[in-house]
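Below is one structure, written out as structure tokens; comments come after it.
None of the values given here were measured: they were computed from a predicted structure.
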2 protein chains.
Amino acid sequence: MNAVPLSPTDRSTIKRHRDRAVTDRAALYDVLDAGPVCHLAFVTDDGSPVVLPTCYGRDGDTLYVHGSSGAHSLGLAGAGSEICVAVTALDGIVYGRSVFHHSVNYRSAVIHGVGRAVADEEGKLRGLRALAEHVAPGSWDYARRPNRKELAAVSVVALDLTEAAVKVRTGPPRDGTEASSSPDVWAGVVPVRPVAGEPEPCPHVPMGVPVPEHILRRVGGTTASRQH
Amino acid sequence: MNAVPLSPTDRSTIKRHRDRAVTDRAALYDVLDAGPVCHLAFVTDDGSPVVLPTCYGRDGDTLYVHGSSGAHSLGLAGAGSEICVAVTALDGIVYGRSVFHHSVNYRSAVIHGVGRAVADEEGKLRGLRALAEHVAPGSWDYARRPNRKELAAVSVVALDLTEAAVKVRTGPPRDGTEASSSPDVWAGVVPVRPVAGEPEPCPHVPMGVPVPEHILRRVGGTTASRQH
């Protein structure tokens, strides 16, 4: 699978900062694994753009999002119209000698395609499993799985990962040539990463129930979903 | 200013999880301060949605984004068409007893409006200052400010904060009623926050140049831009 290119079309070909474009599928997976939240854009009936944050999951080359089966946004996203999904991981703040060369280090993926409503129970379960294992690895086996009533209450939309643009910025600011003219100015990068803190039990959990291993494993680490 | 409501129109009125809707302006500022990256959505000439991550800044009730003056996306965003901007801060992973009640704790703002290209130098400087001080507080006074050539090379787009929806989820999973039927299952929240690490100097910075106070202040803290 890793050999399949991202097949960029014209709109998924990065035109600005081409040096930041990455074209292999492993890089796309890497960004998507950084989740847990994506930003889903669609066009409303009156032609206006809307972007909403939502959780997502990946199973092979399919991205899944979900929501209440009554949610208008999910209905639009799964109605066979074009949607666009962005996932962005912030890796650092870039301090240049000049304001102009301030930036951020990041990894981002922008995926274009037509959303597909998943109607059958088996497909929904596959999507919800991908979502659960992305946001909370280990939960599919530990927690109670969705029952028929819950499956009916949730909409699942699938998006094929066929048209995507991956962009990555790393390293120091690009104004090193100004170093000699500003010898007393500090420039560089402040790295940033999401860190998970101590688990806070729900007040209804009986005393003595231990925090399971798959959750403890997150503490102090980043929120990237695939630590295994 | 804090007394001005978010003036929600129909599309900025939250229909799903109304309990998560927040309608005061201070909450909007709180989410926007959590940056530094927003997701900007617009509609292309052929009617397709596009969402891109980009840095932003806020000055009063105006949001600013910027980009290369040749960037097609910024051109579209500032051409008087509808745009939509989302800012999302992830605060935690919510582990339910059931997969269905897994969720994330977050604060999000979704802003609708018409982007306005900022053409004059004074306006551009105001926008760039808001951007710099948002992403890298203290840099406007410490680093070299944009010169005329740099100002010409950058496009700045302004968006009024008049139509926005703020949504916040906090607290434990909502399936506490299942606690008695799953007495051995742990449920709760793993808090998540972005943490800044040790500054990494650019290789061109001369030996002995100290990391300035406004940057040191970030280390170990979150990336929220307004710590003052």
Side-chain angles (χ1 to χ4, degrees), chain A residues 16 36-37 39 41-43 48-51 53 55 68 71 82 84 86 88 90 93 95-100 102 104 108 132 135-136 139 143-146 150 172-173 176 179 183-184 186-197 199-202 204-206 209 211-212 215 218 223, chain B residues 16 36-37 39 41-43 48-51 53 55 68 71 82 84 86 88 90 93 95-100 102 104 108 132 135-136 139 143-146 150 172-173 176 179 183-184 186-197 199-202 204-206 209 211-212 215 218 223:
Chain A
R16 290 286 139 193
V37 172
H39 282 81
F42 54 91
V43 180
S48 298
V50 172
V51 53
C55 290
S68 161
E82 287 278 342
C84 186
T88 306
L90 178 72
I93 310 290
Y95 288 82
R97 290 146 192 93
S98 58
V99 167
F100 189 74
H102 274 56
V104 292
S108 76
V135 174
S139 277
R144 180 179 63 71
R145 293 188 188 168
E150 289 168 344
D184 54 352
W186 190 89
V189 175
V190 174
V192 176
R193 66 184 191 112
V195 172
E200 300 161 355
C202 169
H204 299 287
V205 171
V209 175
V211 182
I215 296 176
R218 289 191 104 142
T223 53
Chain B
R16 289 286 139 194
V37 172
H39 282 81
F42 54 91
V43 179
S48 298
V50 173
V51 53
C55 289
S68 162
E82 288 278 342
C84 187
T88 307
L90 177 72
I93 310 291
Y95 288 82
R97 290 150 193 88
S98 58
V99 166
F100 189 74
H102 274 56
V104 292
S108 76
V135 175
S139 277
R144 181 179 62 70
R145 294 189 187 166
E150 290 168 343
D184 53 353
W186 189 89
V189 175
V190 174
V192 176
R193 65 184 191 112
V195 172
E200 300 161 354
C202 168
H204 297 287
V205 171
V209 175
V211 182
I215 296 175
R218 289 192 105 144
T223 52

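- For the set B:Pro206, B:Gly176, B:Pro183, B:Pro201, the entry with the most heavy-atom pairs within less than 4.5 Å of chain A is B:Pro201.
- Residue contact with chain A, scored on non-hydrogen atoms closer than 4.5 Å, involves the backbone and the side chain of B:Val205 alike.
- Only the side chain of B:Pro172 comes within contact range of chain A, with at least one heavy atom under 4.5 Å from a heavy atom of that chain.
- With chain A as partner, the option from B:Ala41, B:Cys84, B:Gly188, B:Pro191 having the largest number of non-hydrogen pairs under 4.5 angstrom is B:Pro191.
- Evaluation of the side-chain hydrogen bond (donor to acceptor under 3.5 Å, both in side chains) rule for A:His102 yields B:Ser139 as partners, not counting sequence neighbours.
- Annotation: side-chain hydrogen bond (donor to acceptor under 3.5 Å, both in side chains) contacts of A:Glu200 (sequence neighbours excluded): none.
- Minimum interatomic distance between B:Ile93 and A:Arg218 (heavy atoms only, all atoms of both residues): CG2-NH1, 3.9 Å.
- Side chains of A:Tyr95 and B:Pro212 form no contact here, defined as non-hydrogen atoms less than 4.5 Å apart.
- Among the candidates B:Cys55, B:Pro173, B:Ala86, B:Ala179, the residue making the largest number of heavy-atom pairs closer than 4.5 Å to chain A is B:Ala86.
- In terms of heavy-atom pairs under 4.5 angstrom with chain B, the leader among A:Ser48, A:Pro146, A:Gly96, A:Ala132 is A:Ser48.
- When heavy atoms are compared at a cutoff of 4.5 Å, B:Ser108 approaches chain A solely by way of its side chain, counted from C-beta outward.
- Side-chain contact between A:Val43 and A:Glu82 is absent, with no heavy-atom pair separated by less than 4.5 Å.
- For A:Val189, the parts sitting under 4.5 Å from any heavy atom of chain B are the backbone and the side chain alike.
- Between A:Leu90 and B:Pro194 there is no side-chain heavy-atom pair separated by less than 4.5 Å.
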